[in-house]
Amino acid sequence: MNDAADRYDPSRWDPNSTRKLLDAARPVGKHWFRWEVRGMESFPRSGGVLTVSNHSGGILTLDTVTFSSAYYDRFGYDRPVLTLGHDALFTGPIGDWVSRIGLIPAHRAVATQALQSGAVVLVFPGGVYDAYRPTLRANVVDFNGRTGYVATALAAGAPIVPVVSIGGQQSQLFLTRGTWLAKRLGLERFRSDILPISVGFPFGVSAVVPINLPLPTKIVTQVLAPIDVATQFGPDPDVAEVDAHVRAVMQSALNELAEQRRLPVLG
């Protein structure tokens with residue numbers, strides 16, 4: 001494992017690059033997706049925080065910029081939001097840039113070090129498996145059995161702040177993750193267990209590559225109350241029990257958002 005993958009370097013994050021990216025994304029977010037973030041007033045004002053969210057919108061997910069824009073608007077750029085990302089993002093010509101805007105390798109040691117430094121670490125346990133869930137299951141929190149985020153919070157002694165988002169899965173009609181097709185084609189040798197198929201505008205059916213434009217679906221994000229794992233579950237908690245609690249809290253909040261939504265896309 002190289003240095004970029006096993007060691008957190010706080011100097012790699014650049015607040016100016018992050019601000020420029022969010023300033024460029026904000027008009028699209030506000031006017032096309034009408035994004036709205038609620039509950040940021042309950043977010044801890046200092047210290048490391050593990051922020052755990054569902055993931056929506058396929059490869060064109062806006063979850064990171066939606067949350068980060070609201071966070072920086074409220075707290076400024078003194079404490080970074082760092083999002084866990086796949087190792088492949090840190091190679092080639094974009095490697096330096098993604099580090100400057102706040103991506104860090106998705107390794108427990110890196111995340112733990114970042115949390116202990118006082119950063120906010122944003123993780124999507126379900127990853128692309130969650131982001132490509134069928135639109136008919138848009139309002140289901142699905143981490144695909146991944147619980148490593150709990151161990152990371154425990155290792156860092158950081159609270160978990162659950163976040164849920166609704167609307168992104170209506171940017172296209174996501175038909176299937178295509179796990180059966182990926183298995184038949186042997187894509188596991190390329191570290192992929194999905195081959196998603198969606199339908200959108202203007203080209204219709206799309207497989208993996210997002211050739212269609214995202215519909216102007218309204219995206220609403222809800223920040224929930226912090227969970228102090230040690231206080232609530234004791235000094236040696238059961239990881240599965242903590243994960244079940246986090247997902248239950250998120251599912252309840254997502255159900256409430258779904259009840260408030262009147263029409264697909266329009267919100």
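Heavy atoms only, all atoms of each residue included: Ser56 and Ser165 are closest at OG-O, 4.2 Å. When all heavy atoms of Leu254 and Ala138 are compared, the pair lying nearest together is CD2-O, 4.4 Å. Taking each heavy atom of Gly204 and Asn212 in turn, the nearest pair found is O-ND2, 2.8 Å. Taking every heavy atom of both residues into account, Arg262 and Glu259 meet most closely at NH1-O, 2.8 Å. The two residues Leu84 and Pro105 have their closest heavy-atom pair at CD2-O, 3.9 Å. Scanning both residues, Thr66 and Trp35, for their nearest heavy atoms gives OG1-CE3, 3.0 Å.
Put simply, the side chain of Val223 does not reach to within 4.5 Å of the side chain of Tyr71, judged on heavy atoms. Using a 4.5 Å heavy-atom cutoff, the side chains of Tyr132 and Ile59 are in contact. Thr217 places a side-chain heavy atom less than 4.5 Å from the side chain of Phe33. Side-chain contact between Ser117 and Pro10 is absent, with no heavy-atom pair separated by less than 4.5 Å. Taking the side chain as every heavy atom from C-beta outward, Leu50 and Val161 never approach each other to under 4.5 Å. Side-chain contact between Ser198 and Leu175 is absent, with no heavy-atom pair separated by less than 4.5 Å. At a threshold of 4.5 Å between non-hydrogen side-chain atoms, the residues Trp13 and Ile104 do not count as touching.
In this structure, a donor-acceptor pair under 3.5 Å is present between the side chains of Asn255 and Gln251. Judged by distance alone, the side chains of Trp97 and Ser17 never bring a donor and an acceptor atom under 3.5 Å apart.
Between the side chain of Arg79 and the backbone N or O of Gly47 there is at least one donor-acceptor pair closer than 3.5 Å. Without hydrogens or angle criteria, Thr135 side chain to Gln170 main chain gives no donor-acceptor distance under 3.5 Å. Between the side chain of Gln222 and the backbone N or O of Val164 there is no donor-acceptor pair closer than 3.5 Å. In this structure a side-chain-to-backbone donor-acceptor pair under 3.5 Å is missing from Thr152 to Thr112. With Trp32 contributing its side chain and Pro214 its backbone, the two residues share a donor-acceptor pair below 3.5 Å. When atom types are taken as modelled, the side chain of Arg261 and the backbone of Lys218 share a donor-acceptor pair closer than 3.5 angstrom. At least one donor-acceptor pair under 3.5 Å links the side chain of Ser99 to the backbone N or O of Gly95. At distances below 3.5 Å, at least one donor-acceptor pair connects side-chain atoms of Gln113 with backbone N or O atoms of Tyr8. The backbone N or O of Val65 sits less than 3.5 Å from a side-chain atom of Ser69, completing a donor-acceptor pair. A donor-acceptor distance shorter than 3.5 angstrom exists from the side chain of Ser171 to the backbone of Gly168, with no hydrogens or angles considered.
Sorted by first and then second residue, the pairs that involve residues 97-106 and meet salt bridge (Lys or Arg N to Asp or Glu O under 4.0 Å), not counting sequence neighbours, are Asp96-Arg100. Residue pairs meeting the ring pair (Phe, Tyr, Trp, His ring centres under 6.0 Å) criterion with at least one partner in residues 245-267, sequence neighbours excluded, are Phe233-His245. Pairs of residues two or more places apart, or lying in two chains, never qualify as salt bridge (Lys or Arg N to Asp or Glu O under 4.0 Å) while including a residue from residues 153-165. Residue pairs meeting the salt bridge (Lys or Arg N to Asp or Glu O under 4.0 Å) criterion with at least one member in residues 51-70, sequence neighbours excluded, do not occur. Screening residues 117-136 for salt bridge (Lys or Arg N to Asp or Glu O under 4.0 Å) gives Asp130-Arg133 as the qualifying pairs, with residues at least two apart or on separate chains.
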- Would you please test Val150 and Val246 for side chain to side chain contact (heavy atoms under 4.5 Å, CB included) and show each step? CA-CA 9 Å; Val150 178; Val246 172; 5.5 Å; no

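A distance of 11.5 Å separates CG in Asp14 from CG in Leu21, rounded to the nearest 0.5 Å. In this structure, the separation between OG1 on Thr18 and CG on Leu82 is 8.5 Å, given to the nearest 0.5 Å. If you take CZ on Phe67 and CG on Leu62, they are separated by 15.0 Å, rounding to the nearest 0.5 Å. We find the CG-CD distance between Leu136 and Gln169 to be 10.5 Å, quoted to the nearest 0.5 Å. To the nearest 0.5 Å, atoms CD (Gln172) and CG (Leu60) are separated by 6.5 Å.
Within a 6.0 Å radius of CG in Asp236, other residues, nucleotides and ligands contribute 12 heavy atoms or fewer. Atom CZ of Arg137 sits in a sparse spot, with 12 or fewer heavy atoms from other residues, nucleotides or ligands closer than 6.0 Å.
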List the atom pairs, with distances to 0.1 Å, where a side-chain N or O of residues 140-149 and a protein N or O form a donor-acceptor pair under 3.5 Å, not counting sequence neighbours.
from: Asp142; atom 1: OD1; to: Asn144; atom 2: N; distance (Å): 2.9
from: Asp142; atom 1: OD2; to: Arg177; atom 2: NH2; distance (Å): 3.3
from: Arg146; atom 1: NH1; to: Pro125; atom 2: O; distance (Å): 3.1
from: Arg146; atom 1: NH1; to: Gly126; atom 2: O; distance (Å): 3.0
from: Tyr149; atom 1: OH; to: Asp243; atom 2: OD1; distance (Å): 2.7

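Applying the salt bridge (Lys or Arg N to Asp or Glu O under 4.0 Å) rule to Asp73 yields the partners Arg26; only residues at least two apart in sequence or on another chain are considered. By the salt bridge (Lys or Arg N to Asp or Glu O under 4.0 Å) test, Glu241 pairs with no residue at all, sequence neighbours left out. For Tyr77, the ring-ring contact (aromatic ring centres under 6.0 Å, His included) partners are Tyr72, not counting sequence neighbours. Residues satisfying the side-chain contact (heavy atoms from CB on, under 4.5 Å) criterion with Arg45, sequence neighbours excluded, are Arg74, Phe75. Scanning for salt bridge (Lys or Arg N to Asp or Glu O under 4.0 Å) contacts around Asp238 gives an empty result, with sequence neighbours left out.
Connectivity analysis of hydrophobic side chains (ILVMFWY, heavy atoms under 4.5 Å, direct or indirect) links Leu263 to Leu266.
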